[in-house]
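Inspection log for the structure reproduced underneath, given as structure tokens.
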Amino acid sequence: MSFNTFGHMFRVTTFGESHGVAIGCVVDGCPPGIPLTAADIQLDLDRRRPGQSRYTTQRQEPDAVKILSGVFEDADTKGQVTTGTPIALMIENVDQRSKDYSDIKDKYRPGHADFTYDTKYGLRDYRGGGRSSARETACRVAAGGVARKVIPDITVRAALVQMGPHKVDRSRWDWDEVRRNDFFCPDAQLASQLGPYLDGIRKSGSSIGAVIEVIAEGVPAGLGAPIYGKLDADLAAAFMSINAVKGVEIGAGMDAAVLTGEQNADEIRMGNDGKPKFLTNQAGGILGGISTGQPVVARFAVKPTSSILTPRRTIDRFGKEIDIMTKGRHDPCVGIRAVPVAEAMMACVLADHYLRQRAQVGENPAWPFKK
Ligand SMILES: Cc1cc2nc3c(=O)[nH]c(=O)nc-3n(C[C@H](O)[C@H](O)[C@H](O)COP(=O)(O)O)c2cc1C
């Protein structure tokens, strides 16, 4: 059975296809009384929007979001607030070019979801990949805009930290730089090299992968629902559900395998604020599936875009061996536009766990405990 919903208390259902009339989502479980306007959500959508630089797909979508339900103009507060009922958000598709895809109607792009959708359902919406298109990620970004409002004290930011073999130099990390360049890259020097690098990749009819890092600061200790709703497990599932993601790490991640116990255990002292102070954060802010109060740090790798101009060997839906070359408008590196999507998924998972924690435990117990 298909499944288009995630979250438990902050529940997001997305709908729509790349070349359909509209895409959107329904957010259920958002608490009432939270100020929310379309402009709040639009901020994040504008960062993910296609056609903003020559390094992303040239599809031109305004991605203007409409709030269809779940809000109310409160005369007392003189502003629009959530009502606690389902919030439906809709984004119209305006720049579909379905005929770009008629060539591949019966052909399976290697590395894309064409074969698996056809095998599972017996038909597929080949226009832009239908539901398998990353156009769906706009809905996640819209939901993330609502989630951020549920957890206003938590700051969620993401950045592209690697494209192909080119990695950021962490000593040059500057969050302001993420907003200034076309790659959401925190290292200005690397960002200046990525343009020519990606131009070369595109000119050769190819594509390239990337790594995105997402950091949430201000996360209170205690979020996460052991055993099967661990915060890290839910984050991994959320990131893995993003199109083209092939690997997820939390904290030290795969590198934990080469650390010793001494290097890996985040030592604890008492901070001046009376709270525990962790001396390192190899755990990525999560222990036992529960947030520690440190920044929550995750990373994921996206594969290179499968739709490329270089001919590849494949088969068609009738079992004939053929060669395929994918024209149309595609992202040469999907990692760029995945950055706002990463933030949205982190925000949704944290909002969900924040509400779950409030429902089960309420206020955290007073800490430190008295002897
Ligand atoms: C932001 C973003 C943009 C993407 N743009 C494209 C694209 O232009 N062309 C393409 O073939 N795949 C693109 N993808 C990847 C496909 O949607 C994805 O590879 C496909 O659905 C198969 O799913 P899988 O890679 O997760 O197995 C994009 C992914 C993301 C996250």
Side-chain angles (χ1 to χ4, degrees), residues 2 4 14 16-19 23 44-61 63 91 93 95-97 100-101 103-104 107-121 124-142 144 158-160 163 182-184 198 201-202 205-212 214 236-248 299-310 312 314 324-346:
S2 290
N4 293 282
T14 73
E17 289 81 29
S18 174
H19 289 215
I23 54 173
D44 285 329
L45 278 171
D46 286 347
R47 295 170 66 230
R48 195 218 71 106
R49 200 154 58 81
Q52 297 198 90
S53 85
R54 62 202 182 96
Y55 305 111
T56 58
T57 168
Q58 290 309 299
R59 183 167 171 171
Q60 294 292 337
E61 289 287 355
D63 279 356
I91 301 163
N93 291 324
D95 187 24
Q96 311 96 312
R97 284 197 209 152
D100 279 358
Y101 292 88
D103 268 6
I104 59 157
K107 302 172 184 170
Y108 299 141
R109 284 169 294 176
H112 214 291
D114 304 339
F115 167 70
T116 49
Y117 265 70
D118 218 6
T119 308
K120 181 176 173 68
Y121 297 109
R124 74 187 167 92
D125 182 346
Y126 58 84
R127 306 161 311 159
R131 184 78 182 143
S132 76
S133 162
R135 182 108 190 91
E136 184 272 344
T137 60
C139 310
R140 301 163 184 243
V141 172
L160 182 144
M163 186 186 288
D182 288 332
F183 306 99
F184 297 107
L198 200 50
I201 294 279
R202 200 181 17 200
S206 189
S207 62
I208 195 71
V211 178
I212 316 303
V214 204
F239 293 135
M240 199 50 114
S241 77
I242 300 172
N243 311 36
V245 172
K246 297 306 279 185
V248 180
R299 239 166 278 105
F300 63 75
V302 289
K303 69 190 193 186
T305 323
S306 56
S307 304
I308 51 173
L309 285 168
T310 304
R312 299 280 84 193
T314 187
I324 192 168
M325 188 183 93
T326 314
K327 293 188 217 120
R329 299 163 296 172
H330 296 280
D331 287 280
C333 174
V334 307
I336 303 171
R337 293 198 303 127
V339 171
V341 184
E343 291 180 3
M345 294 310 280
M346 174 73 96

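In listed order, ligands and their atoms are each counted from 1. Note: hydrogens, waters and symmetry copies are ignored here, and every other heavy atom, side chains too, is used.
Proximity of K303 to ligand 1, defined as any heavy-atom pair under 4.0 Å, is confined to the side chain (atoms from C-beta onward).
A tilted orientation is assigned to the rings of F239 and F300, their planes being inclined by 30° to 60°.
In this structure, the protein non-hydrogen atom closest to atom 15 (C) of ligand 1 is A244 CB, 3.8 Å. Nearest protein heavy-atom neighbour of atom 31 (C) of ligand 1: N243 O, 3.3 Å.
With ligand atoms numbered from 1 in the order given, ligand 1 contributes 7 (C), 8 (O), 9 (N), 10 (C), 11 (O) to contacts under 4.0 Å with heavy atoms of H330. Heavy-atom contacts of H112 reach the following atoms of ligand 1: 10 (C), 11 (O), 12 (N), 16 (C), 20 (C), 21 (O) (cutoff under 4.0 Å). Which parts of ligand 1 touch S306 is read off a 4.0 Å heavy-atom cut-off, strictly below it: atoms 11 (O).
Of the possible polar contacts, one joining the R337 side chain to the R48 backbone as a donor-acceptor pair under 3.5 Å is found.
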Stepwise side-chain contact (heavy atoms from CB on, under 4.5 Å) check, I91 with L45: CA-CA 10 Å; I91 301 163; L45 278 171; 3.9 Å; yes
side-chain hydrogen bond (donor to acceptor under 3.5 Å, both in side chains) evaluation trace for R124 with T116: CA-CA 9 Å; R124 74 187 167 92; T116 49; over 6 Å; no
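Residue contact check for ligand 1: S132 places a non-hydrogen atom closer than 4.0 Å to it. Within the structure, the closest approach of T305 to ligand 1 falls below 4.0 Å when heavy atoms are considered.
Remark: R135 engages D63 in a salt bridge, criterion side-chain N to carboxylate O under 4.0 Å.
Checking R109 against S307 by side-chain atom types alone, a donor-acceptor pair falls below 3.5 Å.
Distances from atom 29 (C) of ligand 1 to the heavy atoms of A134, G129, P304 show the closest one on A134.
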